[in-house]
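Reading through the structure tokens given below for one structure.
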Amino acid sequence: MNKDSKIYIAGHRGMVGSAIWRALDSEGYSNLIGKTSKELDLRNQLAVNRFLNTEQPDVIISAAARVGGILANNDNPYPFLMENLQIQNNLIDGAHKGEVAKFIFLGSSCIYPKYAPQPLKEEYLLTDSLEPTNQWYALAKIAGVKACEAIRKQYGKDFVSLMPTNLYGPNDNFDLNNSHVLPAMLRKFHEAKENDHSPVTLWGSGTPMREFLHVDDLAQAALFALENVLPDHLYNVGTGTDLTIKELANAIQNVVGHNGGVVWDTSKPDGTPRKLMDSSKLQAIGWQPTIGLKQGIAKTYQWYLNSTEIKINNPI
Ligand SMILES: NC(=O)C1=CN([C@@H]2O[C@H](COP(=O)(O)OP(=O)(O)OC[C@H]3O[C@@H](n4cnc5c(N)ncnc54)[C@H](OP(=O)(O)O)[C@@H]3O)[C@@H](O)[C@H]2O)C=CC1
Ligand SMILES: C[C@H]1O[C@H](OP(=O)(O)OP(=O)(O)OC[C@H]2O[C@@H](n3cnc4c(=O)[nH]c(N)nc43)[C@H](O)[C@@H]2O)[C@@H](O)[C@@H](O)C1=O
């Protein structure tokens, strides 16, 4: 890939898009383009086609999506299904018709069946039914993976899908209803510490297990996929290590310095019991995670403390 190739990062202001932008920028990629959702609504096919015809990017990295934690997914099935289908269809089909040479699609570990064997291998896709809380989002993401696979199979184009595990890091969403668990816990424990170490209420039973990857490691995986023609269409991107939500709460409490109690609100959903990824396929060809969870949580908490603008993303 040439350093002056024109690379459109869709969703460049989001947690993932901004991390990919930073990674490419620091590697010397000088022709990056991004548009906010106000400037270009990716649900609008006509607008997307006009934009792609005008800009003619060489590469598209698709980090734009309707994203949220377990409750946002569970309570908003239609936008999580339809908006994600619209955004990705417009980008993937526009890229195919516009002769974009390389397309990197981002999905999520929730595409795999709820009770698939662990760790999750890429070939477990579509072998059983999905986790109900995020099946709508997962179905859209599966359609994106299959669209890229179909274009690759029929036309031989370099369209590839990366499936990250649960991500965290700078520019995450800290809205207490819509965010994922790690940013929600950072904010809840921080605010409780400031409030005389008051008790914190967390969701579910605390027994589900999750795997967490720092978004800068995911950005390195995207850089790796940009700079190499990957031999297959689908790659998991994770650390290979998971922990219970209770263990995560303890780790975050320690980093933040909160000494109060924790209450588990079991009226909130647990979601899938476990979704540990087998990322050996991508690791075997050259990508490795580098940021351990404790270090990553500490870095993210520092970022949170130093940020003048914390993203509270509540589009619903
Ligand atoms: N966060 C996570 O834990 C995980 C995320 N992923 C994947 O990574 C990708 C990015 O997620 P993340 O960065 O966390 O999400 P964010 O919510 O932080 O960012 C999403 C981005 O999408 C853009 N966007 C949303 N709707 C539209 C629209 N209609 N038109 C144009 N742009 C739009 C937003 O643009 P703007 O800011 O301009 O409104 C925003 O920058 C997604 O594909 C997601 O599936 C995968 C696994 C885990
Ligand atoms: C990335 C991934 O993210 C989502 O799936 P999820 O992993 O289930 O989501 P989550 O991060 O919101 O929760 C993980 C666990 O944590 C528990 N939990 C405790 N306390 C809080 C809490 O305060 N907030 C949140 N959000 N969860 C909490 C919560 O009950 C659950 O057991 C999907 O959007 C899916 O589409 C997807 O791709």
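For ligands, and for the atoms within them, numbers begin at 1 and follow the listed sequence.
For G68, the closest heavy-atom approach to ligand 1 does not fall below 4.0 Å. Not a single heavy atom of Q86 lies less than 4.0 angstrom from ligand 1. Residue contact check for ligand 1: Y168 places no non-hydrogen atom closer than 4.0 Å to it. Contact analysis leaves L218 out of contact with ligand 1, as no non-hydrogen atom separation drops below 4.0 angstrom. At least one heavy atom of H180 lies less than 4.0 angstrom from ligand 1.
The backbone N or O of T165 lies less than 3.5 Å from no partner atom in the side chain of S109, so there is not a single donor-acceptor pair. With N53 contributing its side chain and N49 its backbone, the two residues share a donor-acceptor pair below 3.5 Å. Distance alone, capped at 3.5 Å, is enough to place a donor-acceptor pair between the N73 side chain and the G68 backbone.
Neither the backbone nor the side chain of K35 comes within 4.0 Å of ligand 1, counting heavy atoms alone. Residue-level proximity to ligand 1 for T165 is carried by the backbone, the only part with a heavy atom below 4.0 angstrom. The backbone and the side chain of V16 each have at least one atom closer than 4.0 Å to an atom of ligand 1 (non-hydrogen atoms only). By the criterion of a heavy-atom distance under 4.0 Å, the side chain of Y137, and not its backbone, is placed next to ligand 1.
No N or O atom of S62 sits closer than 3.5 Å to an N or O atom of ligand 1. In terms of polar-atom proximity, L167 is counted as a contact of ligand 1, with an N or O under 3.5 Å from an N or O of the ligand. Geometrically, ligand 1 and A65 share a nitrogen or oxygen pair separated by less than 3.5 Å. Backbone and side-chain nitrogen or oxygen atoms of L42 are examined, and one is located within less than 3.5 angstrom of a nitrogen or oxygen of ligand 1. Not one N or O of N171 is nearer than 3.5 Å to an N or O of ligand 1, by distance alone. On a distance-only criterion, G17 and ligand 1 share no N/O pair closer than 3.5 Å. The shortest N or O to N or O distance between N166 and ligand 1 is not below 3.5 Å.
Tracing side-chain contacts under 4.5 Å through hydrophobic residues (I, L, V, M, F, W, Y), one reaches V215 starting from L106; they form part of the same cluster. L305 and W303 fall within a single hydrophobic cluster, where Ile, Leu, Val, Met, Phe, Trp and Tyr are joined by side-chain heavy atoms under 4.5 Å apart, directly or via other members.
Side-chain contact of T300 with D172: a donor-acceptor pair under 3.5 Å is absent, judged by distance alone. Checking S198 against D196 by side-chain atom types alone, no donor-acceptor pair falls below 3.5 Å. Defined by atom type and a distance below 3.5 Å, a donor-acceptor pair is missing between the side-chain atoms of T272 and E131. A side-chain donor from one of E227 and Y29 sits under 3.5 Å from a side-chain acceptor of the other.
Here atom 10 (C) of ligand 1 lies nearest to A63 when heavy atoms of A19, P79, A63 are compared. Counting only non-hydrogen atoms, the option in L40, L182, T36 that gets closest to atom 31 (C) of ligand 1 is L40.
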Chi angles and distances behind the ring pair (Phe, Tyr, Trp, His ring centres under 6.0 Å) call for H233, F159
CA-CA 7 Å; H233 77 97; F159 280 41; over 10 Å; no
Could you walk me through whether S18 and N171 pass the side-chain hydrogen bond (donor to acceptor under 3.5 Å, both in side chains) check?
CA-CA 8 Å; S18 60; N171 296 326; 2.9 Å; yes
One pair to check against ring pair (Phe, Tyr, Trp, His ring centres under 6.0 Å): H180 and Y168. What are the steps and the verdict?
CA-CA 9 Å; H180 292 99; Y168 67 98; over 10 Å; no
What are the atom names and distances for all N or O pairs under 3.5 Å between ligand 2 and the protein?
from	atom 1	to	atom 2	distance (Å)
ligand 2	3 (O)	H180	NE2	3.2
ligand 2	7 (O)	N166	ND2	2.9
ligand 2	7 (O)	R210	NE	2.8
ligand 2	7 (O)	K275	NZ	3.3
ligand 2	8 (O)	R210	NH2	2.9
ligand 2	11 (O)	V181	N	2.9
ligand 2	12 (O)	I70	N	2.8
ligand 2	20 (N)	W203	N	2.9
ligand 2	23 (O)	K188	NZ	2.7
ligand 2	26 (N)	S179	O	2.9
ligand 2	30 (O)	P269	O	2.7
ligand 2	32 (O)	D270	O	2.6
ligand 2	34 (O)	G68	O	2.6
ligand 2	34 (O)	N73	ND2	2.5
ligand 2	38 (O)	S108	OG	2.5

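Between atom OG of residue S5 and atom CG of residue N31 there is a gap of 8.0 Å, rounded to the nearest 0.5 Å. For the atom pair CG of L120 and NZ of K275, the computed distance is 9.5 Å after rounding to the nearest 0.5 Å.
In summary, the aromatic rings of Y304 and H190 are positioned with their centroids under 6.0 Å apart.
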